[in-house]
K.L.:
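Below is the structure I would like to discuss, written out as C-alpha cells.
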Amino acid sequence: MVTFSACALPSRSFGPGFVALAAVLAITVPLSGTAAVDGPAPLPVEEIATGATPLPVEEIAPGVMLHVGRQEVWSAANGGDVANLAFVVGSECVAVIDSGGSPALGARMLAAVRARTPLPVCYVIHTHVHPDHVLGAAAFAALEPRPRFVAHARFAASLAARAGHYLAAAERELGHAQEAADIVFPDIEVADTLELDLGGRALTLRAWPTAHTDNDLTVHERATGVLFLGDLLFAGHLPVLDGRLLGWLAVMDELAELEIALAVPGHGPPSRAWPAALQLQRDYLDGLRDQVRAALRAGRTLAETVNALGETGTDTWLLADEFHRRNLTAAYAELEWED
Amino acid sequence: MNAPSLLLASILALGLVAEASAQKSDPDRPEANATWQQVRTSLFQAQEIRTPADAVITLDAPERAQDAAIVPVSIRTGLEQTPERHIEKVYLVIDNNPSPVGAVFTFTPASGRADIELRVRIETYTHVRAIARTSDGELHMATRFVKASGGCSAPPGKDMSAALANLGKMRLRVEGDVAPGRPALAQLMVSHPNHSGLAMDQLTRHYTPAYFVRRVEISFAGEPVMSADIDFTISENPNFRFWFVPRGDGELKAEVVDTRDLRFATAVAVNPLR
C-alpha cells in the first residue's frame, strides 16, 4: 500500500515547525459542555510589540471595539484586511475576536489594543477557520504571557486539514511567505457553550452545528448585548457557503430568537435591527436552495447548474462574481443527497 | 494490487507527491511542467501523444476552480466503443496536485462511450489533462488550464464528521429512457470523506492517515462496463457519470473499495424498453 502525503499540506511548510505545532496540540485542554474558565490572575503587562500602525477601530459599545474590514477579496493591496476584527476590554484583561488575514494585520490589531489599554490580552477567540479571520494569530502567540486561543471544538481538525493550503494561498494572493508558525491551534475548545471572564464582564461563547463552516462560534457580550456572529452573518459581502446550506438556514432560525442589541457580522457594518439584519442573507440562501433543488429536479448536472444560475439572485450583494458560483457548487453537492 | 494501481504506486514512489505543490505552471507551455514530464515518462515512456485530439477526446473544466474542493470535470470521447477499436484507458492527470495521477479509468466495448464526468480537488494553478489510450495503442490528450480560487476555498471537505457518519451510502441510477443496444447514461454517488489525511483525530490528537475510495467497478449483467483506480484527488462523496450498453434486461452493479478495504456495493435493475 502506498502511503500518501498530505493533499492539503505541502510538505515544505511542515519542517521543524510542524513538530512545534504538534507540541502545542498535545497540551491542548479540550472542554466539553458548559464550562467556566476562571478569570485570569493579575498578569504583568506584556512588552508592547512592534511599531505597527494601529488598525482603525470604533467603540461600538463601552469597551467593545470593532475594526470593519474592507468588502474585498484577500489581496496584496489590502494586506488581507477584509474581515471584521474586534476586542473587548474587561477590568483585568482583553479578549480579541478574530486575529486578521495576515500576521502583519494581527500586529496592527495588537497595536490597536495597545493604543486603547495596557491590560494583557488573555484570550484570542477565532469565530471560524477561514484565513481572513485567523492568519493574524502569530502576532498574539508571540506575546508574553501568551494569550489562550479559543475556538470551536471542530476548528482544529479543519485548520489541520487546511493550513498548508491557506499558507500557500497567503503566499500566492498576499505575497506573504509561508511559515508554519503563522498557524495557531486552539488551547481551549468549545463544544457547546463557554463563559470567559475578562474581569467585570463576561463573554458567552456558543458553538454551532455546521452552517457557514463546520466550526462557527458566536461571542455574546452580555453587558452591552453585542453579538459577534463571525461569518454566520454577512452584510454587503455575498454570503459564502463552506459548510452546510440547510444547516445554516436552521442556525439562522435559532439566531433570530436571540435578544441582541447590536449584531456584528463577519463582513460588513454592524446592525441594531435584529432579527431584520438576517433577512437579506436569508433571502439569498433560500433562493440558492430553491434554485438548486429545481435544477436537480430538472436533471441538470453540477456544471450545467452553475452555468445556468451563475448570474442570478445576487443583485443586492458585493463580490457575487467571486463567490456565487462557488456557493452554487457547494449547494448542489449538498442537496443532491436529499431524498 | 492490479496493474493500474501498481502504476499509480510507482509514480507516487518517484516522490512526485512531495514535489508536486512546489511546481509552477505556465498556462501557455503545458509541456514544460516537470511533474508532467515525470508522469509522462512513467506512464507512457517516449510514446507519441497526439494533442489536441478533439476527434478522440475533449476535456471540460471551469477556467477558475470556484470551489477548490469540488471542481467538475467532464471528459468526452469521440470513438464508438467497438470491439475492433475502442478507448481502453483514460488517465486523469492534474500536474500540480499532491497526487498528480488522480484517476485511471478502464472502459470496454460494453461502455458504449468512454465518457466520464467527475469532481476533483484542485490544489493550485495547474494544467488538467485527460489522456486516452485506444485499443490499438494510440495516445490522445486533451488539456485545460485551471486557476485555483482565492484564499478560503480549500481542497478538504466541508464537514468531516458528517462525511464519516454517512460512510458508504451509495446511489446508482440510470438517466433517461433506456433502449436495448444503445448507450445509456448512469450516475454513481458514494458517500465517503475521501480525504487526503492530516485531519486530526479529536480524541487521540493524532493525524489520521489518508482515507479514500481507491477502486470503483461497474458491471452490467455481469460484464465489466467501467472500472477506475482513484485516490483523494476525487472530491468528497465521489460522483461519476458514465455510460453502458444494456443489450437486454440485467443488473447494473457498482462496487467500491476504500483504503481500509471496506467494500460497498449497490445495484439497480435495468429493463430496456423494447
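Convention: sequence-line order gives letters A, B, ...; per-chain numbering from 1. We use all heavy atoms of the structure for the numbers below, so side chains are in, but hydrogens, waters and symmetry mates are not.
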K.L.:
I'd like to know whether CD of B:Glu63 has more than 12 heavy-atom contacts from other residues, nucleotides or ligands below 6.0 angstrom.
P.N.:
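For B:Glu63, atom CD is not crowded (no more than 12 foreign heavy atoms under 6.0 Å).
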K.L.:
Might you point out which heavy atoms bring B:Asp159 and A:Thr210 nearest each other, and give the distance in Å?
P.N.:
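Reported closest heavy-atom pair: OD2-OG1, 2.6 Å.
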K.L.:
Between A:Arg162 and B:Pro156, which heavy-atom pair has the shortest distance, and what is it?
P.N.:
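Smallest interatomic distance, heavy atoms only, reads CG-CG, 3.7 Å.
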K.L.:
Please flag which part of B:Asn239 lies under 4.5 Å from any non-hydrogen atom of chain A: side chain, backbone, both or neither.
P.N.:
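Answer is side chain: those atoms of B:Asn239 sit under 4.5 Å from chain A.
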K.L.:
Of the listed residues (B:Gln187, B:Arg119, B:Glu117), which shares the most heavy-atom pairs with chain A below a 4.5 Å separation?
P.N.:
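Heavy-atom pair counts peak at B:Arg119.
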K.L.:
Between CD1 of B:Ile70 and OG1 of A:Thr329, what distance do you get to the nearest 0.5 Å?
P.N.:
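Reported to 0.5 Å precision, the distance equals 6.5 Å.
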K.L.:
Measuring heavy-atom distances to chain B, does A:Thr301 have an atom under 4.5 Å in its side chain, in its backbone, in both, or in neither?
P.N.:
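Side chain only.
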K.L.:
Is B:Arg241 salt-bridged to A:Glu336, cutoff N-O under 4.0 Å?
P.N.:
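Salt bridge flag = no for A:Glu336 with B:Arg241.
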K.L.:
Which heavy-atom pair separates A:Tyr166 from B:Ala154 by the least distance, and what is that distance?
P.N.:
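In terms of heavy atoms, the two residues are closest at CE2-CB, 4.1 Å.
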K.L.:
So, taking the atom named CD in A:Glu322 and the one named CZ in B:Arg64, what distance separates them when rounded to the nearest 0.5 Å?
P.N.:
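Spacing of CD (A:Glu322) from CZ (B:Arg64) equals 9.0 Å.
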K.L.:
Between B:Arg171 and A:Trp337, what is the shortest heavy-atom contact and its length?
P.N.:
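Here B:Arg171 and A:Trp337 meet closest at NH2-O, 2.7 Å.
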K.L.:
Hey, are the side chains of B:Glu123 and A:His165 touching, using non-hydrogen atoms and a 4.5 Å cut-off?
P.N.:
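Result yes, sub-4.5 Å side-chain heavy-atom pair found.
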K.L.:
Testing A:Thr305, A:Asn307, A:Leu302 one by one against B:Pro72 for a side chain to side chain contact (heavy atoms under 4.5 Å, CB included), which residue passes?
P.N.:
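So, applying the side chain to side chain contact (heavy atoms under 4.5 Å, CB included) to B:Pro72 and each of A:Thr305, A:Asn307, A:Leu302, only A:Leu302 qualifies.
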K.L.:
Would you indicate whether B:Lys169, at its atom NZ, is surrounded by more than 12 heavy atoms from other residues, nucleotides or ligands within a distance under 6.0 Å?
P.N.:
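Enclosed: over 12 neighbouring heavy atoms sit under 6.0 Å from NZ of B:Lys169.
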K.L.:
List the atom of A:Leu241, the atom of B:Lys158, and the distance in Å for their closest heavy-atom pair.
P.N.:
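Distance-wise, the nearest heavy atoms are O-CE, 4.3 Å.
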K.L.:
Give, as side chain, backbone, both or neither, the part of B:Ser74 having an atom under 4.5 angstrom from any heavy atom of chain A.
P.N.:
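Contact with chain A is absent: no heavy atom of B:Ser74 under 4.5 Å.
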